[in-house]
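Fair warning: this is a prediction, and the values are worked out from it, not measured in the lab. In what follows, chains carry the letters A, B, and so on, assigned in the order in which the sequence lines appear, proteins first and then strands, with residues in each chain numbered from 1. Keep in mind that the numbers below use all heavy atoms, side chains included, and drop hydrogens, waters and symmetry copies.
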Amino acid sequence: MKKFNRTLVTTALPYANGPVHIGHLAGVYVPADVYVRYLRMRGEDVLLIGGSDEHGVPITIKAQKEGITPQDVVDKYHNIIKNSFEGLGISFDVYSRTSSPTHHETASEFFKSLHDKGEFIEKSSEQYYDEEANQFLADRYITGTCPHCKSEGAYGDQCESCGTSLNATDLINPTSSITGNKPILKETKHWFLPLDKHEDDLKKWILEDHKEWKPNVYGQCKSWLDNGLHPRAVTRDLNWGVPVPVKGAEGKVLYVWFDAPIGYISATKEHTPEWEKYWKQEDTRMLHFIGKDNIVFHCIIFPAMLKAEGSFILPENVPANEFLNLEGDKISTSRNWAVWLHEYLEDFPGKQDVLRYVLTANAPESKDNDFTWKDFQARNNNELVAILGNFINRAVVLTHKYFEGKVPAAGEYNDFDKETLEAIPSLIEKVEKNLETFHFREALKEAMNLARLGNKYLADTEPWKVIKTDEERVKTIMNICLQISTNLSTLLEPFLPFTAEKLRGFLNIEPLAWEKMGAQVIEAGHSINKAQLLFEKVEDTTIQAQVDKLLATKAANEAAAKPVTPAKENINFDDFMKMDIRVGTIVEAEKVAKTKKLLKLTVDTGIDKRTVVSGIAEHYKPEEIIGTQVSILVNLEPKKLKGIESQGMILMAEDADGKLAFVSPDKVVKPGSEIR
RNA sequence: GGCGAGGUAGCUCAGUUGGUUAGAGCGCAUGAUUCAUAAUCAUGAGGUCGGCGGUUCAAACCCGCCUCUCGCUACCA
């Protein structure tokens with residue numbers, strides 16, 4: 001086992017085109033914060049690094065849409081994000097941003113260093129260029145007709161209507177979304193990082209030396225490595241980002257994925273002049289907390305960058321979480337299907353720990369999980385209020401009732417007392433073990449077991465009965481309850497920092513160091529304060545209001561559902577007559593092997609029986625459609641698909657959800673009948 | 001279709017290199033209790049461990065096939 005003297009924890013940089021939601025929190029920030037708080041309490045040298053990712057095309061597009069500058073966009077969201085993290089008690093040592101001067105400098109130097117060492121490949125290719133705007137166009141800036149489904153408004157990287165990913169050069173009638181002009185193809189040079197060069201090193205490092213990584217992380221890396229790595233472009237033609245610091249690269253910036261992880265380094269630099277200690281010394285344990293969408297960047301690409309540079313250490317572990325769903329649906333920023341952190345903090349003032357608790361207890365550690373408001377309420381009312389809050393309240397109230405709020409001295413322990421006290425260290429140990437292996441939900445459960453232990457102890461000793469006959473015995477009982485309470489204030493601190501502080505207020509104590517936890521942590525004679533409630537119940541109406549808010553979002557989304565595509569340009573009758581559309585009868589149908597969507601159909605067109613390959617396998621089963629009459633375009637030039645020549649196209653009606661339906665005659669007609 | 005991750009009690013999840021009656025929390029039922037925000041404590045019910053087949057003295061765990069969910073990827077004339 002390697003010995004580490006300090007720990008550097010990075011958290012995925014949230015993209016500054018929207019606020020942070022519970023999915024980000026459950027996947028990355030809450031577990032990272034719990035982990036770091038724990039290490040700090042143990043007196044370890046640890047840094048928690050974060051920052052906003054502020055470059056990239058989506059931000060420039062958002063700015064353009066709203067008629068403001070990209071800087072305005074990122075300023076707005078950076079502030080919202082930063083403040084809401086603070087509000088939830090995510091204890092960043094530094095929360096920076098990639099538009100900062102330090103970052104520009106750092107990223108620039110990093111690129112230059114790799115460039116000077118000859119770690120890049122230079123390649124030229126033809127890309128679309130807008131002559132009026134005088135710039136190359138990012139894929140997202142080009143729209144046109146999708147070559148597959150023929151719908152207009154497809155982007156250069158993807159058609160949103162049929163979901164196909166495209167190359168910009170595939171688009172029919174490409175237009176620049178900056179000026180509306182037709183772009184020209186122009187040669188441009190880019191720099192590529194040859195990942196393949198580092199393949200063997202990465203293979204050994206991950207597949208052999210880090211078998212302990214979580215299965216989802218290890219598996220995805222293995223999949224990438226087994227498929228072979230390829231060079232990846234690290235620059236883009238864009239004016240928002242870190243300029244490429246070499247001659248002949250005017251108008252080019254670093255690609256976001258290259259620039260963003262360097263943000264971890266820049267942020268560390270901003271925090272401390274001793275940043276190199278954290279990034280370059282072998283006795284540093286570096287950990288990347290991320291969501292599963294970021295696994296390859298942090299396990300393969302960024303390490304390849306660091307290795308190419310040469311002086312940096314690689315991460316020790318990458319505890320990536322899966323995704324959190326919301327009320328059964330995927331969280332989505334664009335569909336506003338989310339619980340936004342800044343809104344939660346407004347709607348539930350003083351309840352930061354409730355969210356922290358629920359997200360930890362239900363974290364998607366091994367598979368995707370679902371957040372529901374009902375579960376939120378249940379965990380608050382049945383666990384935080386009933387188990388933890390209640391125990392503390394009982395202990396404090398009884399101490400005031402019997403001993404004027406002074407911690408009574410314990411007398412002789414009986415066997416049950418000893419047993420109870422001895423259970424404390426073993427619980428602590430379980431919490432530690434789980435925290436250190438990134439099992440946060442289990443760690444939290446074990447920590448809560450200390451409160452359960454307290455409740456059980458009270459139920460078994462019954463001080464409210466014993467007080468009538470044996471006050472001395474009750475002194476011991478209450479002493480032990482307060483020892484447990486004091487331990488709770490430390491044990492729960494990583495998970496529930498606000499509650500821990502509140503609890504210390506009730507007990508009138510200073511923070512207790514992690515190592516100090518045990519059987520004797522609060523002294524006899526010490527005065528404690530009057531009890532207040534540690535947690536309040538969450539009422540049905542509160543939860544209903546949140547559910548209603550989501551239902552409203554859903555309704556709004558449906559109302560705003562895709563507008564009907566506007567009519568295309570007029571054509572003349574001759575144009576129309578060029579198309580030969582017939583009624584055909586499907587006589588055979590079978591699935592095309594090794595595809596998900598394709599069916600191979602034999603259609604009786606009246607003219608002949610011909611083969612047509614159609615992407616309808618997800619909507620129709622082969623055996624169900626034999627005998628169905630459909631519309632078929634018979635004079636479309638043939639095209640080979642998966643090795644089968646498709647002679648014609650079956651006409652399909654497609655709704656906004658992408659559901660397909662045949663266009664069929666309403667009564668049987670003779671195959672070959674013309675449609676016009 | 002390929003690759004990866006999952007499918008264990010009503011819900012959310014643990015199950016170490018295969019080894020006796022498969023565990024926890026919440027929910028549910030019954031009982032106890034009243035110090036406490038009707039909060040607690042005890043006991044119990046509830047599982048052909050996704051399905052089928054195989055290896056083995058022994059399979060939730062290993063192998064093969066199938067099936068469903070999530071992610072990446074190919075296919076949509």
Side-chain angles (χ1 to χ4, degrees), chain A residues 146-150 159 162-165 214-224 226-227 291-293 295-296 320 322-323 325 330 361-370 372 374-375 378-379 381-402 434 439 441-442 444-446 448-449 452 454-467 474 477-478 481 531-537 591-599 612-619 633 636-642 646-652 654 658 660:
Chain A
C146 172
H148 300 288
C149 66
K150 311 291 182 227
C159 168
C162 67
T164 314
S165 49
K214 291 173 65 169
N216 56 343
V217 177
Y218 188 89
Q220 200 172 329
C221 291
K222 187 167 174 356
S223 171
W224 264 64
D226 288 350
N227 284 323
K292 68 171 161 185
D293 50 337
I295 290 173
V296 289
E322 300 283 303
F323 285 156
N325 293 326
K330 261 181 234 182
N362 195 27
E365 284 178 3
S366 56
K367 62 177 177 192
D368 290 0
N369 245 335
D370 200 22
T372 65
K374 208 174 154 234
D375 179 63
R379 289 200 184 270
N381 293 358
N382 304 333
E383 298 176 30
L384 290 176
V385 173
I387 294 165
L388 176 56
N390 185 39
F391 169 67
I392 296 300
N393 196 39
R394 299 169 90 182
V396 174
V397 166
L398 288 176
T399 303
H400 276 279
K401 201 162 177 175
Y402 302 145
N434 280 305
H439 295 113
R441 43 193 301 164
E442 191 65 20
L444 177 56
K445 197 156 86 183
E446 292 296 348
M448 285 294 285
N449 277 342
R452 290 195 172 89
N455 278 319
K456 181 171 159 50
Y457 181 74
L458 272 176
D460 289 347
T461 53
E462 299 182 303
W464 49 90
K465 277 189 187 163
V466 178
I467 191 72
V474 175
I477 296 171
M478 291 322 299
C481 285
Q532 292 165 301
L533 294 184
L534 211 48
F535 298 100
E536 290 166 0
K537 286 205 156 195
K591 213 160 165 222
V592 179
K594 300 189 178 187
T595 68
K596 190 152 64 181
K597 295 188 179 176
L598 299 185
L599 288 188
V612 178
V613 177
S614 187
I616 57 174
E618 287 179 313
H619 303 85
L633 180 61
L636 187 66
E637 53 182 49
K639 158 110 183 176
K640 268 203 174 178
L641 286 171
K642 283 275 155 188
S646 179
Q647 304 158 311
M649 172 166 156
I650 309 287
L651 269 43
M652 304 298 299
E654 182 179 17
L660 296 180

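One can place CE of A/M448 at 13 Å from C1' of B/U40, the figure rounded to the nearest angstrom. Atom pair A/L651:CG and B/C76:P shows a separation of 17 Å (rounding to whole Å applied). In this structure, A/D375 places its CG atom 16 Å from P of B/G25, rounding to the nearest Å. A/E442 places its CD atom 11 Å from the C1' atom of B/G23, with the value rounded to the nearest Å. Atom NE2 of A/H439 is separated from atom C1' of B/G23 by 16 Å (rounded to the nearest Å). In this structure, A/R441 atom CZ and B/A24 atom C1' are separated by 11 Å, rounded to whole Å. One interatomic measurement links the two molecules: CD of A/E365 to C1' of B/G6, which rounds to 15 Å at whole-angstrom precision. The distance from atom CG of A/L599 to atom P of B/G1 is 13 Å, rounded to the nearest whole Å.
Interatomic distance, A/L398 CG to A/N393 CG, rounded to the nearest 0.5 Å: 9.0 Å. Rounded to the nearest 0.5 Å, atoms CG (A/L458) and CE (A/M478) are 6.0 Å apart. Taken to the nearest 0.5 Å, the CG atom of A/L534 stands 6.5 Å off from the CD1 atom of A/I392. Between the CD atom in A/E446 and the NE2 atom in A/H439 there is a gap of 12.5 Å [rounded to 0.5 Å]. The distance from the CE atom of A/M649 to the CD atom of A/E637 is 13.0 Å, given to the nearest 0.5 Å.
For B/A14, the OP1/OP2 oxygens have a side-chain nitrogen or oxygen of A/S366 closer than 4.0 Å. The phosphate of B/G7 (OP1 or OP2) has no side-chain N or O of A/K367 nearer than 4.0 angstrom.
For the C1' atom pair drawn from B/U40 and B/U17, the interatomic distance equals 42 Å after rounding to whole Å. Across B/C49 and B/G6, the matching C1' atoms stand 14 Å from one another, rounded to whole Å. Between B/U21 and B/C68, the distance separating the two C1' atoms is 31 Å to the nearest Å. Going from the C1' atom of B/C35 to that of B/A9 covers 34 Å, rounded to whole Å. Spacing between B/G50 and B/G7 at atom C1', rounded to whole Å, works out to 6 Å. Taking the C1' atom of each, B/A36 and B/G19 are spaced 46 Å apart, rounded to whole Å. B/C52 and B/A60 have their P atoms separated by 13 Å, with the value rounded to a whole Å. For the C1' atoms, the distance linking B/G10 with B/G27 amounts to 7 Å, nearest Å.
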* To do: Kindly determine whether A/W464 and A/R394 satisfy side chain to side chain contact (heavy atoms under 4.5 Å, CB included), including the steps that lead there.
  => CA-CA 11 Å; A/W464 49 90; A/R394 299 169 90 182; 3.8 Å; yes
* Under the side chain to side chain contact (heavy atoms under 4.5 Å, CB included) rule, what do A/N362 and A/D375 come out as? Steps first, then yes or no, please. => CA-CA 9 Å; A/N362 195 27; A/D375 179 63; 3.9 Å; yes
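Residue order along RNA chain B, read from the 5' end via each residue's closest nucleotide, puts A/F323 first among A/F323 and A/I650.
In A/E462, the CD atom is crowded: over 12 heavy atoms of neighbouring residues, nucleotides or ligands sit closer than 6.0 Å.
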Pairs: protein N or O with nucleotides 2-4 of chain B N or O, under 3.5 Å:
unit_1, atom_1, unit_2, atom_2, d
B/C3, O2', A/S223, OG, 2.6
B/G4, O2', A/Q220, N, 3.4

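Using a 4.0 Å cut-off between charged nitrogen and carboxylate oxygen, A/K292 and A/E322 count as a salt-bridge pair.
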* Could you run down nucleotides 26-37 of chain B 5' to 3' and tag each one B, S or - for protein heavy-atom contact under 4.0 Å? -> SS-----SSBBB
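Side chain of A/T399 to backbone of A/A395: a donor-acceptor contact under 3.5 angstrom is found. Between the A/E365 side chain and the A/R441 main chain, a donor and an acceptor come within less than 3.5 Å of each other. Panel note: side chain A/N381, backbone A/K537; no donor-acceptor pair is recorded below 3.5 Å.
If you check every strand for non-hydrogen atoms under 4.0 Å, A/V613 touches sugar and phosphate atoms only.
Residues A/R452 and A/N455 bring no donor and acceptor atom of their side chains to less than 3.5 Å of each other.
Listed by first residue number, the stems of RNA chain B with at least three Watson-Crick or G-U pairs below 3.5 Å are B:1-7 with B:67-73, B:10-13 with B:23-26, B:28-32 with B:40-44, B:50-54 with B:62-66.
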